[in-house]
2 protein chains.
Amino acid sequence: MKPTKLLSIAEASARSGLPPDTLRYYDRLGLLPHLRRTSGRRRFSEDDLAALSLVVCLRDTGMPLASIRDFMRASGPGTPDARLAILRKHRAEVSARLDEYRRAERRVDFKIWYYEEAKRLGGIARLPPLSALLKQYRKETGKSTNW
Amino acid sequence: MKPTKLLSIAEASARSGLPPDTLRYYDRLGLLPHLRRTSGRRRFSEDDLAALSLVVCLRDTGMPLASIRDFMRASGPGTPDARLAILRKHRAEVSARLDEYRRAERRVDFKIWYYEEAKRLGGIARLPPLSALLKQYRKETGKSTNW
DNA sequence: CTAGCACTTGGAGCGCACTCCAAGTCAAGG
DNA sequence: CCTTGACTTGGAGTGCGCTCCAAGTGCTAG
């Protein structure tokens with residue numbers, strides 16, 4: 001098998017887009033349990049970069065670093081049950097947040113339309129009451145909103 | 001016109017689900033510019049509760065409190081341009097985050113399937129190489145992933 | 001061998017969004 | 001009038017995720 005080139009922290013930083021300090025921080029927290037060292041220096045393998053990319057994916061979808069640590073540590077040749085449990089829970093949370101975001105998106109869309117309508121009429125004061133606006137919005141745009 | 005009942009901070013907390021300290025904090029930051037007081041005590045109108053609900057909507061979709069403050073302050077009978085600009089920018093950010101979340105959802109779905117497959121085969125070590133797994137995943141589930 | 005540079009560590013500091021506290025004020029019930 | 005309790009303020013403290021720093025170590029080119 002290929003000896004798999006190992007990268008310095010600066011190279012890993014360039015490849016991952018994360019600052020070196022953040023990589024060190026993640027290592028300290030235990031987010032990269034398989035990271036190697038040669039005479040004290042961290043050496044990143046391709047597997048480490050793949051793990052890092054998963055860390056970023058979980059982080060950017062709102063998983064706390066402590067939970068990511070638990071997930072990354074629950075590896076090895078043992079049963080994948082621990083990882084499955086964490087992932088299923090996270091999946092549910094991501095779905096919930098997606099729903100919330102979609103609702104917010106609709107609300108923001110209505111608000112934008114609301115202020116555009118105010119501009120057309122020459123001032124917020126000239127807008128009809130909210131109930132009429134909601135009706136008009138639904139009719140004009142075909143969209144619903146949850147005001 | 002109706003005198004519109006005004007609520008104490010405890011009542012506003014119950015109605016909004018936000019702790020009183022958070023309401024005071026938001027008021028300090030200027031997120032509720034129209035909030036009244038009688039002899040020092042905050043009095044929340046229905047309009048204030050509606051404003052609060054918008055604050056929560058923006059907050060929960062990732063807008064910093066300082067930007068929410070700018071938005072809530074840019075009110076009055078003047079032009080709605082400032083509010084429109086902030087909303088359009090926020091809308092774009094929410095859309096971007098939605099896309100990112102959807103991608104993460106797909107990736108997590110694949111990871112879940114991956115560990116389920118590992119369980120079926122009796123260990124991660126027995127899994128075929130990633131390229132074969134991706135093919136099989138697409139075939140079995142009809143889903144794509146961005147691994 | 002030496003200079004320079006990338007790297008190491010432990011720990012301090014920061015920005016955000018709360019969260020809690022002590023000391024004081026006000027209004028309503030008895 | 002007095003007590004009780006909900007409210008006020010300014011300020012300190014917390015948790016998270018970085019971000020920066022000083023002091024020290026070790027590869028590498030000259």
Side-chain angles (χ1 to χ4, degrees), chain A residues 5-32 35-45 48-49 51-73 86 90 93 97 100 104, chain B residues 5-32 35-45 48-49 51-73 86 90 93 97 100 104:
Chain A
K5 202 196 163 198
L6 295 178
L7 308 178
S8 71
I9 198 166
E11 293 166 320
S13 167
R15 285 277 300 273
S16 67
L18 298 171
D21 268 335
T22 300
L23 295 180
R24 280 188 274 265
Y25 177 60
Y26 286 177
D27 181 31
R28 262 192 253 188
L29 292 187
L31 269 50
L32 300 167
L35 191 61
R36 300 289 164 82
R37 290 171 187 243
T38 61
S39 65
R41 278 101 200 273
R42 277 165 267 251
R43 295 296 159 190
F44 292 75
S45 68
D48 290 326
L49 289 181
L52 202 48
S53 145
L54 182 56
V55 163
V56 168
C57 169
L58 296 174
R59 177 198 69 176
D60 288 349
T61 48
M63 187 185 284
L65 298 188
S67 306
I68 298 179
R69 181 201 56 216
D70 295 342
F71 177 79
M72 299 309 285
R73 280 187 177 162
I86 296 173
H90 184 59
E93 284 163 11
R97 200 151 22 236
E100 189 178 328
Chain B
K5 202 196 164 198
L6 296 178
L7 307 178
S8 71
I9 198 167
E11 293 165 321
S13 167
R15 285 277 300 272
S16 66
L18 298 173
D21 267 335
T22 300
L23 295 180
R24 279 189 275 264
Y25 177 59
Y26 286 177
D27 181 31
R28 264 192 253 188
L29 292 187
L31 269 50
L32 300 166
L35 191 61
R36 300 289 164 81
R37 289 169 189 244
T38 61
S39 65
R41 279 101 200 273
R42 276 166 267 252
R43 296 295 157 190
F44 291 76
S45 68
D48 291 325
L49 289 181
L52 203 46
S53 143
L54 181 57
V55 164
V56 168
C57 169
L58 296 174
R59 177 198 70 175
D60 288 350
T61 48
M63 188 185 284
L65 298 188
S67 305
I68 298 178
R69 180 203 56 217
D70 295 341
F71 177 78
M72 299 309 285
R73 280 188 177 158
I86 296 174
H90 184 58
E93 285 163 9
R97 200 149 24 234
E100 190 178 327

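The backbone N or O of Cys57(A) sits less than 3.5 Å from a side-chain atom of Thr61(A), completing a donor-acceptor pair. Between the Ser13(A) side chain and the Leu18(A) main chain, a donor and an acceptor come within less than 3.5 Å of each other.
dA12(C) atom C1' lies 14 Å from atom OH of Tyr25(A), rounded to whole Å. Rounded to whole Å, atom P of dC7(C) lies 14 Å from atom CG of Asp27(A). Rounded to an integer number of Å, the gap from Asp21(A) CG to dC14(C) C1' is 13 Å. Look at CG on Leu58(B): it is 16 Å from C1' on dA17(C), rounded to the nearest Å. The separation between Leu29(B) atom CG and dT19(C) atom P is 13 Å, rounded to whole Å. When rounded to the nearest whole Å, the span between CG of Leu23(A) and P of dC7(C) equals 11 Å.
Using a 4.0 Å cut-off between a side-chain N of Lys or Arg and a carboxylate O of Asp or Glu, Arg24(B) and Asp27(B) do not qualify as a salt bridge.
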(message) Under the criterion side chain to side chain contact (heavy atoms under 4.5 Å, CB included), I'd like the reasoning laid out for Ser39(B) against Arg41(B): C-alpha separation, chi angles, the key distance, then a yes or no.
(response) CA-CA 6 Å; Ser39(B) 65; Arg41(B) 279 101 200 273; 4.2 Å; yes
(request) Show your reasoning for whether side chain to side chain contact (heavy atoms under 4.5 Å, CB included) applies to Tyr25(B) and Asp21(B). (result) CA-CA 6 Å; Tyr25(B) 177 59; Asp21(B) 267 335; over 6 Å; no
(request) Quick one: do Val56(A) and Ser53(A) satisfy side chain to side chain contact (heavy atoms under 4.5 Å, CB included)? Show the steps, please. (result) CA-CA 5 Å; Val56(A) 168; Ser53(A) 145; 5.7 Å; no
(message) Does Met72(B) form a side chain to side chain contact (heavy atoms under 4.5 Å, CB included) with Leu32(B)? I'd like the steps, not just the answer.
(response) CA-CA 7 Å; Met72(B) 299 309 285; Leu32(B) 300 166; 5.5 Å; no
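When heavy atoms are screened at a 4.0 angstrom cut-off, Pro20(A) is found touching no nucleic acid atom at all. Within the 4.0 angstrom heavy-atom criterion, base atoms lie near Arg24(B). Backbone-only contact: Ile9(A) has heavy atoms under 4.0 Å from sugar-phosphate atoms and none from a base. Heavy atoms of Ala66(A) sit nowhere under 4.0 angstrom from any nucleic acid atom.
Contacts between residues 35-44 of chain B and DNA chain D, defined by a heavy-atom separation below 4.0 Å, involve Arg37(B), Gly40(B), Arg41(B), Arg42(B), listed by number.
Under the side chain to side chain contact (heavy atoms under 4.5 Å, CB included) criterion, Ile86(A) pairs with Met63(A), Asp70(A), Phe71(A), sequence neighbours left out.
Between Leu58(A) and Leu54(A) the shortest side-chain heavy-atom distance falls below 4.5 Å.
On the nucleic acid side, DNA chain D has its first and last nucleotide under 4.0 Å of a heavy atom of chain A at dG17(D) to dC27(D), going 5' to 3'.
Take the nearest nucleotide of DNA chain D for Arg28(B) and for Arg59(A): the residue whose nucleotide is more 5' is Arg28(B).
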